[in-house]
Amino acid sequence: MALSEQEVLAGLAELIHDETGLPQDQVSLDKSFTDDLDIDSLSMMTVVVNAEERFGVKIPDDSVKDLKTVRDAVDFIVKQG
């Protein structure tokens, strides 16, 4: 079943909240993981692993460095899912 952009965004917001405590309503498509959401590399890897499990996708390590914004991650997951 294909995932919608909204489903992935809501899921990522929940995962980011669980990892960092950041309110889910602060996670939006235009936010940068490092600059806007202040997510460090260790937390980012935890979010990636949890996103792979939640959405049933594989996000290779070399692709993670290209996921700069929430939109990048949502688009990647939607395409894979």
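Count residues from 1 along the sequence. Not measured: the values here are computed from a predicted model.
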Side-chain donor-acceptor distances from residues 15-22 under 3.5 Å, at least two apart:
unit_1 : atom_1 : unit_2 : atom_2 : d
His17  : ND1    : Leu22  : O      : 3.0
Glu19  : OE2    : Ser43  : OG     : 3.3
Thr20  : OG1    : Ile16  : O      : 2.7
Thr20  : OG1    : Leu22  : N      : 3.1

Please tabulate, for the side chains in residues 74-81, all donor-acceptor contacts under 3.5 angstrom to protein atoms that are two or more places apart in sequence or on a different chain.
none

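When all heavy atoms of Gly11 and Phe55 are compared, the pair lying nearest together is CA-CZ, 3.8 Å. The shortest non-hydrogen separation linking Leu12 to Ala51 is CD2-CB, 4.2 Å. Listed here is the closest heavy atom pair of Val27 and Ala13: CB-CB, 3.8 Å.
Every residue was checked against the side-chain hydrogen bond (donor to acceptor under 3.5 Å, both in side chains) condition with Ser41, not counting sequence neighbours, and none meets it. Partners of Thr69 by side-chain hydrogen bond (donor to acceptor under 3.5 Å, both in side chains), not counting sequence neighbours, listed by chain and number: Asp72.
Sorted by first and then second residue, the salt bridge (charged side-chain N to carboxylate O under 4.0 Å, His left out) pairs involving residues 53-70 (not counting sequence neighbours) are Glu14-Arg54, Glu52-Lys58. Sequence neighbours left out, not one pair with a member in residues 20-43 passes salt bridge (charged side-chain N to carboxylate O under 4.0 Å, His left out).
The distance from the CE atom of Met44 to the CG atom of Leu37 is 9.5 Å, given to the nearest 0.5 Å. Distance check: Ser32 OG to Leu67 CG gives 11.5 Å after rounding to the nearest 0.5 Å.
In terms of hydrophobic clustering, with Ile, Leu, Val, Met, Phe, Trp and Tyr side chains grouped at heavy-atom distances under 4.5 Å, Leu3 and Val49 are assigned to different clusters.
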